[in-house]
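To start, the structure itself, in C-alpha cells.
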Amino acid sequence: MLKKEVKDILAKHEKYGWVTEPDALQIFSLYGFRTPRFDVATDVAQAAAIAKEIGYPVVAKIVSHDVVHKSDVKGVVVGIKDDKTLEEAFRHISRIEGFDGMLIAEMVKGLELIIGAKNDLQFGPMILLGMGGVGVEIYKDVSLRMAPLTGRDVEGMIDGLVAGKLLSGYRGGASVNMDELKKTLIGFSGLMMDMRHLVESIDLNPVMCTEKVCTIADARIMLKKEG
C-alpha cells in the first residue's frame, strides 16, 4: 500500500505527466532507499548555502517540468568544487528554458547501473537491470523480468548481463555489494507493484553501487495518462 506522502507527490505532478527528480528521489527515500543528500535552489545565495551544508564536490541539475532529459539541454554540471564554479553553473542552468530551480546534490561514486520498470499491456510491470550511464542506449546490456521479483529472478538478471563480471571486481576493480543490489532490486519491484495503477515507467539511472551500498543518484517517474 502506498504511503500518503507518495500519493500526494504523484497527485501534485499528475497534470505534468511525470515526476521531477527532487520529488522522485523523495519517494524512494520515503521507502528506505539510499539517495544522495540534496536540495533545490532558486537563487545563487541559496545554492551556495545548500552546497556548504552538503559539502563540495556537488552536482547541479536543472529542475523543470519542461525538461525530461536533462543531459539533452546541458542541464547537468558535475564535479563542482567551489562557490565560484557553483555560481557559474547556476547562471548556465537558470538560463535554460523552463527553469524552475537547480537541484544540488552530493557527488556519488560507484559502478553505474540502471534499474527501471515499465508497465507492459500484456505482462504488467517489467523490471530492468543493466549497465548504466549514457552508454545504456548504445550497449543495451540489460536483463528483464516480470514483477514482483524473487531472489532467483534477481540472480538471473545479474547473471544475464554481458558486463556482469564488472560487478564482481573485474581485473582488480572494486566489487559491488551483491546483497545491497539484490535488496534494492526486490524493494524497487515491490514499490513498482504498489504504484502500477498510477505509474507508466520509472528510470533510475544511474544507481551507483560500491562494495558497501547502492545509491539512487537520479530518478524519473512517468505517470499513466488519464483514459
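With contacts defined as side-chain heavy-atom distances shorter than 4.5 Å, the pair I216/R34 does not qualify. In this structure, the side chains of I27 and L10 come closer than 4.5 Å at one or more pairs of heavy atoms. Between V59 and I80, every side-chain heavy-atom pair lies at or beyond the 4.5 Å cut-off. The side-chain heavy atoms of V108 and M208, taken from C-beta on, include a pair separated by under 4.5 Å. Residues T215 and F33 are not in side-chain contact: their nearest non-hydrogen atoms beyond the backbone lie 4.5 Å or more apart. In this structure the side chain of E21 reaches within 4.5 angstrom of the side chain of K70, judged on heavy atoms. Counting heavy atoms from C-beta outward, L128 and I115 have side chains that stay 4.5 Å or more apart. Looking at R220 and V68, their side chains come closer than 4.5 Å, going by heavy atoms from C-beta outward.
Placement of V76 and I104 in two distinct hydrophobic clusters is found when ILVMFWY residues are connected by side-chain heavy-atom separations under 4.5 Å, directly or transitively. Cluster annotation: V199 is not connected to M193 through the hydrophobic network of ILVMFWY side chains, with a link wherever side-chain heavy atoms come within less than 4.5 Å.
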For a side chain to side chain contact (heavy atoms under 4.5 Å, CB included) check, start with the C-alpha distance between I158 and V154, then their side-chain angles and the critical distance, and finish with the verdict. CA-CA 6 Å; I158 294 171; V154 170; 4.0 Å; yes
Go through the steps for K183 and D179 under the test salt bridge (charged side-chain N to carboxylate O under 4.0 Å, His left out), then give the verdict. CA-CA 6 Å; K183 178 182 175 182; D179 288 338; over 6 Å; no
For side chain to side chain contact (heavy atoms under 4.5 Å, CB included), just list the numbers for L113 and L167, CA-CA rounded to whole Å, side-chain angles, deciding distance to a tenth of an Å, and then say yes or no. CA-CA 10 Å; L113 301 175; L167 302 176; 3.8 Å; yes
Apply the test side chain to side chain contact (heavy atoms under 4.5 Å, CB included) to residues V207 and L181: give CA-CA distance (whole Å), side-chain angles for both, the deciding distance (0.1 Å), then the verdict. CA-CA 9 Å; V207 177; L181 176 56; 5.8 Å; no
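Salt bridge annotation for E106-R37: present, with a cationic side-chain nitrogen under 4.0 angstrom from a carboxylate oxygen.
Looking at S71, its side chain never comes within 3.5 Å of a backbone N or O of K74 through a donor-acceptor pair. Between the Y56 side chain and the D83 main chain, a donor and an acceptor come within less than 3.5 Å of each other. N177 contributes no side-chain N or O that, together with a main-chain N or O of C209, makes up a donor-acceptor pair within less than 3.5 Å. With D120 contributing its side chain and Q122 its backbone, the two residues share a donor-acceptor pair below 3.5 Å.
Here CD of E5 is found 8.5 Å from CD of Q26. Values are rounded to the nearest 0.5 Å. In this structure, the separation between CE on M126 and OG on S201 is 14.0 Å, given to the nearest 0.5 Å. Residue L204 holds its CG atom at 9.5 Å from CG of L185, rounded to the nearest 0.5 Å. Rounding to the nearest 0.5 angstrom, the gap separating the CG atom in D218 from the CG atom in L25 is 6.5 Å. Atoms CZ and CD1, from R145 and I127 in turn, are 12.0 Å apart once rounded to the nearest 0.5 Å. Between M102 atom CE and Q46 atom CD the span is 9.5 Å, to the nearest 0.5 Å.
Residues satisfying the ring pair (Phe, Tyr, Trp, His ring centres under 6.0 Å) test with F90, not counting sequence neighbours, are F99. Not counting sequence neighbours, the partners of H13 by the side chain to side chain donor-acceptor pair (under 3.5 Å) test are D23, H65.
For the pair G160 and S143, the tightest heavy-atom approach, listed with the atom from each and the gap, is C-OG, 3.6 Å. Here the closest non-hydrogen pair linking M131 and I114 is O-CG2, 3.7 Å. When all heavy atoms of G110 and T210 are compared, the pair lying nearest together is CA-CG2, 3.8 Å. Residues V40 and P22 approach most closely at CG2-CG, 3.6 Å, considering heavy atoms. When all heavy atoms of G116 and F188 are compared, the closest pair comes out as O-CE2, 3.3 Å. Taking all atoms of both residues into account, the shortest heavy-atom contact from L2 to Y31 is CA-OH, 3.2 Å.
Counting non-hydrogen atoms of other residues, nucleotides and ligands closer than 6.0 Å to CZ of R91 gives a total above 12.
Between T184 and E180, the side chains place no donor N or O within less than 3.5 Å of an acceptor N or O (distance only, hydrogens not considered).
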